[in-house]
Amino acid sequence: MEGFQDRAHILRDGLTFLDIIAADNEAQPLELTLQAVTEPRMRGLAAAFGLPDPPATGLIDKARFADVRAQLVWLAYVATNLKESEAQNLFAAFQAWKIIEKARPLRF
C-alpha cells in the first residue's frame with residue numbers, strides 16, 4: 001500500500017520546481033490570468049448576486065466560505081474580462097443555476 005513516504009518525492013520535486021520558477025523573474029506561465037478581487041468588490045458582488053457576504057478576516061472563516069469566494073472571483077472575472085453581452089449571458093446562466101440549486105430537494 002502506498003503511503004506518504006512512497007510519494008514524498010512528488011512533493012519534493014514540486015517544491016523544487018516552484019523554487020526554480022520563483023528564481024527566474026522572466027518565467028511567466030502561459031495562458032493564465034491572475035485575478036485579484038478586493039474584499040469590498042467581493043461584498044458588492046455578493047450583494048448584487050444574492051450570495052452570502054464572505055468574511056474578510058480569519059483563515060478559518062475564509063475556508064468556510066471558499067465556495068462562495070470562488071463564485072465571487074469567477075463573477076469578477078466575467079465582469080472584467082468578457083464583452084458585456086457575453087457577461088450578461090453568463091450572469092443569467094449563473095442566476096438560473098442558483099435557482100435550480102435552491103429548488104433541489106433537501107437530503108434527509
Side-chain angles (χ1 to χ4, degrees):
M1 186 163 145
E2 291 183 350
F4 176 77
Q5 292 304 323
D6 299 326
R7 295 182 179 252
H9 69 281
I10 296 171
L11 176 61
R12 191 173 46 254
D13 294 346
L15 292 173
T16 301
F17 176 72
L18 291 175
D19 289 339
I20 291 169
I21 295 297
D24 184 2
N25 292 334
E26 294 184 22
Q28 294 293 322
L30 298 176
E31 306 292 326
L32 295 178
T33 302
L34 178 61
Q35 186 69 37
V37 183
T38 63
E39 294 298 328
R41 176 87 192 258
M42 279 197 175
R43 284 192 298 279
L45 286 167
F49 286 92
L51 294 170
D53 187 9
T57 59
L59 187 59
I60 298 297
D61 287 334
K62 286 183 179 182
R64 283 189 187 121
F65 283 85
D67 57 340
V68 174
R69 295 178 76 80
Q71 290 174 15
L72 293 171
V73 170
W74 180 80
L75 290 166
Y77 172 82
V78 169
T80 57
N81 292 300
L82 300 180
K83 292 186 230 173
E84 188 175 345
S85 61
E86 292 172 324
Q88 291 300 325
N89 288 338
L90 287 173
F91 291 154
F94 178 77
Q95 294 288 31
W97 171 79
K98 273 185 38 193
I99 291 168
I100 291 168
E101 286 295 306
K102 200 177 260 188
R104 195 180 288 236
L106 293 175
R107 294 184 186 142
F108 291 98

Legend entry - Any residue meeting side chain to side chain contact (heavy atoms under 4.5 Å, CB included) with Glu101, in chain and number order, not counting sequence neighbours: Trp97, Arg104

Legend entry - Closest heavy-atom pair and its distance - Ala76, Val37: CB-CG2, 3.5 Å

Legend entry - Closest non-hydrogen atom pair between Ala46 and Pro52, with its separation: CB-O, 3.7 Å

Inset, instruction - State, with a plain yes or no, whether a side-chain heavy atom of Leu51 is found less than 4.5 Å away from one of Lys98. - result: yes

Inset, instruction - Determine whether Leu72 and Phe49 make a side-chain contact, defined as any pair of heavy atoms from C-beta on separated by less than 4.5 Å. - result: no

Legend entry - Spacing of CG belonging to Leu45 relative to CZ belonging to Phe91, to within rounding of 0.5 Å: 7.5 Å

Inset, instruction - Give me the one residue out of Leu75, Val68, Val73 that meets side chain to side chain contact (heavy atoms under 4.5 Å, CB included) with Met42. - result: Val73

Legend entry - Pairs where residues 36-58 contributes a residue and the test salt bridge (Lys or Arg N to Asp or Glu O under 4.0 Å) is met, not counting sequence neighbours: Glu39-Arg69

